[in-house]
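A quick write-up on the structure given underneath.
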Amino acid sequence: MSHAHDNDLAPMRWMATLAVAIACLAAGRSGAALPPVGRPGPGAVVAPDTAIVEFLPSGAGPVPTALRVLADTVSFGGIIDVAWDLPAGADAGAFRAPVSKGEQLVLVPAGSHPAGQDGGTAGLPAAVGPRVVARYRVYATDGLRLQWKGQVSPVVSVKGRVTDPAKTAAIRDPRSWPWFTWTLGLFLLLAAVLAGAGWWLWRRLRRGAAPVDWALPEPAWIVAAPAFRDLLAGRLVERGESRAFLDGLAGIARRFAATHYGIAAAEMTGPELVAACAELGYESALPRALARLIEGADLRRYDPQSPSPAWCREQAAELVVRIGEARVLPRLTPVAPERLLGAQQAWSELTAGLAGAANEASQCAGGGQ
């Protein structure tokens, strides 16, 4: 059974071996016949990459009948002279040289000139009419041929700016900088440190001094009572200096309002004082009373007739009453004991004097009756 099975597979093995041999032979022949990739075969001829540069009519002056190139080789960016043959009897001065189609040739702005001024036309055939030479700057990278109305010039070779094209620089790998990595890392670290220091300094300067607790102002009567007592002790009214007394009285009332309400009452008139207290939300009764007292003292002290002593005493008593309405003892405000004691003594003297003045006024009124 096994021998029979081997005999059946023998033709298949022979055919597989033959197929492999044919494939190897074909591959060997095809590999020997093909040239290397990217290179022409030994007998191949490379066609030159020659460009055809067509000229367009200028649209002015006589139309040329033919063109003749005066050089067969030109450098890239160099000048090439082209002779244009004009019809017989044409005006060479009115001729405008044609321009090329594209940017491979650019007409030199100097224009054209008669061929008699250029010795390069000596070997050309005789022209039927005038011959004019125009100059063009070449920007083609390979050979080119000039075309005018179906006429094509011979090939003009264009040379590059390299003196010897065989001398080329060797191709090498990019230069490696072993110091670049750690230098860049050090630079980034330094930049991060400087940025952090700048941010910390900016925050510190912006923060300023440490906040402190604000001390509450002491009650206004502690300052007003001693000043009021000293004003009365000066006996200005008794000496006939009523204007000076009213000036001092208005000053005490303004300073009391400024300290009690926290406003700039020292330079305010009566209505301004009321408006400032109303803006801060204070009740208007006491500010209006102080404003009336201040306005009255300001007006009467500038009257031509000196205010009477009785009116001055009434104003003083009115001020004592108004200060008493707002008088509070310091509980949360630290005040030196001797300062508080002096203010209390001054206030006691003011109220006692006010009571004595009231008794005198009542006795005078009773005796009069």
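We use all heavy atoms of the structure for the numbers below, so side chains are in, but hydrogens, waters and symmetry mates are not.
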Atom pair [atom1]/[atom2] of [X] and [Y] - distance to nearest 0.5 Å:
{"X": "Leu67", "Y": "Gln147", "atom1": "CG", "atom2": "CD", "answer": "9.5 Å"}
{"X": "Phe76", "Y": "Thr141", "atom1": "CZ", "atom2": "OG1", "answer": "7.0 Å"}
{"X": "Asp298", "Y": "Thr269", "atom1": "CG", "atom2": "OG1", "answer": "8.5 Å"}
{"X": "Ile222", "Y": "Arg327", "atom1": "CD1", "atom2": "CZ", "answer": "9.0 Å"}
{"X": "Arg254", "Y": "Ile263", "atom1": "CZ", "atom2": "CD1", "answer": "11.0 Å"}
{"X": "Leu105", "Y": "Glu103", "atom1": "CG", "atom2": "CD", "answer": "11.5 Å"}

Nearest heavy atoms of [X] and [Y], plus distance in Å:
{"X": "Gly89", "Y": "Pro130", "value": "N-CD, 4.4 Å"}
{"X": "Val274", "Y": "Ala291", "value": "CG2-CB, 3.6 Å"}
{"X": "Ala257", "Y": "Leu273", "value": "CB-CD1, 3.7 Å"}
{"X": "Ser242", "Y": "Ser306", "value": "CB-OG, 3.8 Å"}
{"X": "Ala90", "Y": "Pro62", "value": "CB-CB, 3.8 Å"}
{"X": "Leu107", "Y": "Ala134", "value": "CD1-CB, 4.3 Å"}

Mind checking whether [X] and [Y] have side chains closer than 4.5 Å, heavy atoms only?
{"X": "Leu246", "Y": "Trp311", "value": "yes"}
{"X": "Val63", "Y": "Lys149", "value": "yes"}
{"X": "Phe245", "Y": "Leu232", "value": "yes"}
{"X": "Val128", "Y": "Asp85", "value": "no"}
{"X": "Glu295", "Y": "Pro271", "value": "yes"}
{"X": "Leu293", "Y": "Leu249", "value": "yes"}
{"X": "Val158", "Y": "Val74", "value": "yes"}
{"X": "Asp303", "Y": "Arg300", "value": "yes"}

Q.
According to side chain to side chain donor-acceptor pair (under 3.5 Å), does anything in residues 216-231 pair up with another residue at least two apart or in another chain? List the pairs.
A. Glu218-Arg339
Verify the cluster assignment for [X] and [Y]: are they in a single hydrophobic cluster under the rule of side-chain heavy atoms below 4.5 Å apart?
{"X": "Val223", "Y": "Ile323", "answer": "no"}
{"X": "Trp347", "Y": "Leu340", "answer": "yes"}
{"X": "Leu194", "Y": "Leu205", "answer": "no"}
{"X": "Val193", "Y": "Trp202", "answer": "no"}
{"X": "Phe55", "Y": "Val106", "answer": "yes"}

Could you check whether any side-chain N or O of [X] sits under 3.5 Å from a backbone N or O of [Y], counting only pairs where one atom can act as donor and the other as acceptor?
{"X": "Thr259", "Y": "Ala220", "answer": "no"}
{"X": "Thr351", "Y": "Ser348", "answer": "yes"}
{"X": "Thr73", "Y": "Ser157", "answer": "no"}
{"X": "Gln151", "Y": "Thr65", "answer": "yes"}
{"X": "Ser100", "Y": "Val53", "answer": "no"}
{"X": "Arg145", "Y": "Ile52", "answer": "no"}
{"X": "Arg239", "Y": "Gly234", "answer": "yes"}

Q: Quick one: do Gln344 and Leu329 satisfy side chain to side chain contact (heavy atoms under 4.5 Å, CB included)? Show the steps, please.
A: CA-CA 10 Å; Gln344 290 176 339; Leu329 293 176; 4.0 Å; yes
Q) With under 30° as parallel and over 60° as perpendicular, where do the rings of Phe95 and Trp84 fit, or are they tilted in between? A) tilted
Q.
Taking CD in Glu238 as the centre, count heavy atoms belonging to other residues, nucleotides or ligands within less than 6.0 Å. Is the count above 12?
A. yes
Q. Should Glu325 and Arg322 count as an ion pair when the cut-off is N to O under 4.0 Å?
A. yes
Q. So Tyr136 and Val69, side chain to side chain contact (heavy atoms under 4.5 Å, CB included) or not? Walk me through it.
A. CA-CA 11 Å; Tyr136 298 86; Val69 182; over 6 Å; no
